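Counting convention: from 1, in listed order, for ligands and their atoms alike. Given the structure is predicted, the values throughout are model-derived calculations rather than measurements.
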Amino acid sequence: MIFTLTCFMFLHTVGNPASCVSPNVHDDQLMSNQSLRGMSVGNATNYECSNCSNQTSNQTSDNKASICSYENIIDHLGLTKYKDRFTMSRPVKDHKNKTVIYLEMEVYAILDVKETDQTFIAYVWIYMDWGNDYAKWNKEDFCGISAIIVPSEALWKPDLTIEEMIEKDKSPPSPFLKIYHNGTIEFRNDQIVISTCKMHVYKFPFDIQSCNISFKSYLYGENELDITFQENSTEITKWSRDVMATEYEWVFVNMSVFNTTVNHFEFPQTVVIYTIFMRRKSVLHFASFVMPVLFFLCLDFFSLLMPHNGGEKVGFKTTVLLAITVMQLILIEILPFTSSKIPLIVIYCNGIFGLMLLSLLETIVVNYLAEKDSASQDELKEGFHCASRFPEVANKSPFTDQEGTNNQLTKIFLAVEKVSDELQEMKKSVTFLKEPKPGYWTELAKRIDKFFSVLYVTAVLVFLSVLFAKWLT
Ligand SMILES: *[C@@H]1O[C@H](CO)[C@@H](O)[C@H](O)[C@H]1NC(C)=O
């Protein structure tokens, strides 16, 4: 009655019938709530009419303020009055209706990747929205308010969890959620996800890791809750790349998303799985590990030019080999013991170590041979030296002494000299039978060394090229 009266009066003053619209009260709840708050429907009429024309009095603008506030919507929905009803159960008018959750995730930062613990820590932004059949209003009734933000405990929220998460998020959850007039509820949350991720260090440090973040409900089955993603893989990759703040020792490569149905405990549930691909920043590892080993290898190559006499070469090669051992010790600290396949970097290190070890052994053998030759030459020299003593004695004694008395002695000397010469001759022929010529062993050692050096360098080059071809692809 009051409404018609006001309208009538208004019609008289403004003279425009179209400007007076009846208040669009679509719900009984609104009426009751408004009367509860001591508002008359007439006030609403005033507002409606004033909304249509610019001619408003001071009093109508006061009334306008009283219906344009968020509280009106809260009262209209009964959010405070029926609090429990809003939070207890899935907000659908028919239980057969599914609640569809649109999910979106962006990676804001890659904080840590621990190969030894197999954990992946990332800071992610999560956005989700779903429908609530009870949280709706007509925005024309409330000054065009299309959305309100309320504490997140006020409404039902899906019980989504991240399957891989192994530690509770320490950052406080987002305190608010947004209700749109059409019943869409929007919830955003930024959180640190400490998740377990199976790492493959086979190609370390040139490896690409992929870690999953899967969203699943604790209790709702497939027939009740449908989780789906809003944007495709290329979109989320682009967004994440744009917002990425820190990447630790990784380069964000891309991100993919798909949803599927899993059947844990004979209970089908939908899951949305985000996979984050990242490549290790390998430059530092290359410079601080792979390169030094190559330098040591070069040093070992150049040691091939060193002469064989003495143990110098052996000493030098052993030192280089020990340097490689130090690098191996460093390697043990970096790599996890979880990989079933031997990582290529271990093969690289051990392969080079093994080849250098072979080269050292060869040097020892060659040294031994050269030593043997010089030893036999010493023996020969000694033999010659001994033999040369006798002619000295033989030349001197017969002529310096008296001829008569020493005649017999001279004869004996001459006989001994003859025997000695023969023995010398025999010895020479015997030794020459064994060793065709002096320096035979040195010659052999040189030949072995030359052959082995070529073999060694080729083997190392082949090994390295095969390894790097496998490593870098
Ligand atoms: C509800 O409104 C919001 C904001 O205008 C929009 O983003 C959303 O898609 C709407 N939801 C439905 C189910 O129409």
J.: Which of the atoms of ligand 1 are close to Thr184, meaning less than 4.0 Å from one of its heavy atoms?
T.: 1 (C), 10 (C), 11 (N), 12 (C), 13 (C)
J.: Ignoring angles and geometry beyond distance, decide whether Asn182 reaches within less than 3.5 Å of ligand 1 through its nitrogen or oxygen atoms.
T.: yes
J.: Look at atom 7 (O) of ligand 1 and say whether a protein heavy atom is found at less than 4.0 angstrom from it.
T.: no
J.: Working note: Lys281 + Glu249, criterion salt bridge (Lys or Arg N to Asp or Glu O under 4.0 Å); need CA distance, chi angles, decisive distance, verdict.
T.: CA-CA 5 Å; Lys281 285 177 189 159; Glu249 62 162 311; over 6 Å; no
J.: Using a distance-only test with no angle check, is there a side-chain donor-acceptor pair under 3.5 angstrom linking Asp112 and Tyr248?
T.: yes
J.: Regarding Asp159 and Ser217, do their side chains bring together a donor and an acceptor under 3.5 Å, going by distance alone?
T.: yes
J.: Name the closest protein heavy atom to atom 5 (O) of ligand 1, giving the residue it belongs to and the distance to 0.1 Å.
T.: Tyr180 CD2, 4.5 Å
J.: Hey, does the Lys NZ or Arg CZ of Lys157 hover above the aromatic six-ring of Phe187, less than 6.0 Å from the centre and inside 45° of the axis?
T.: yes
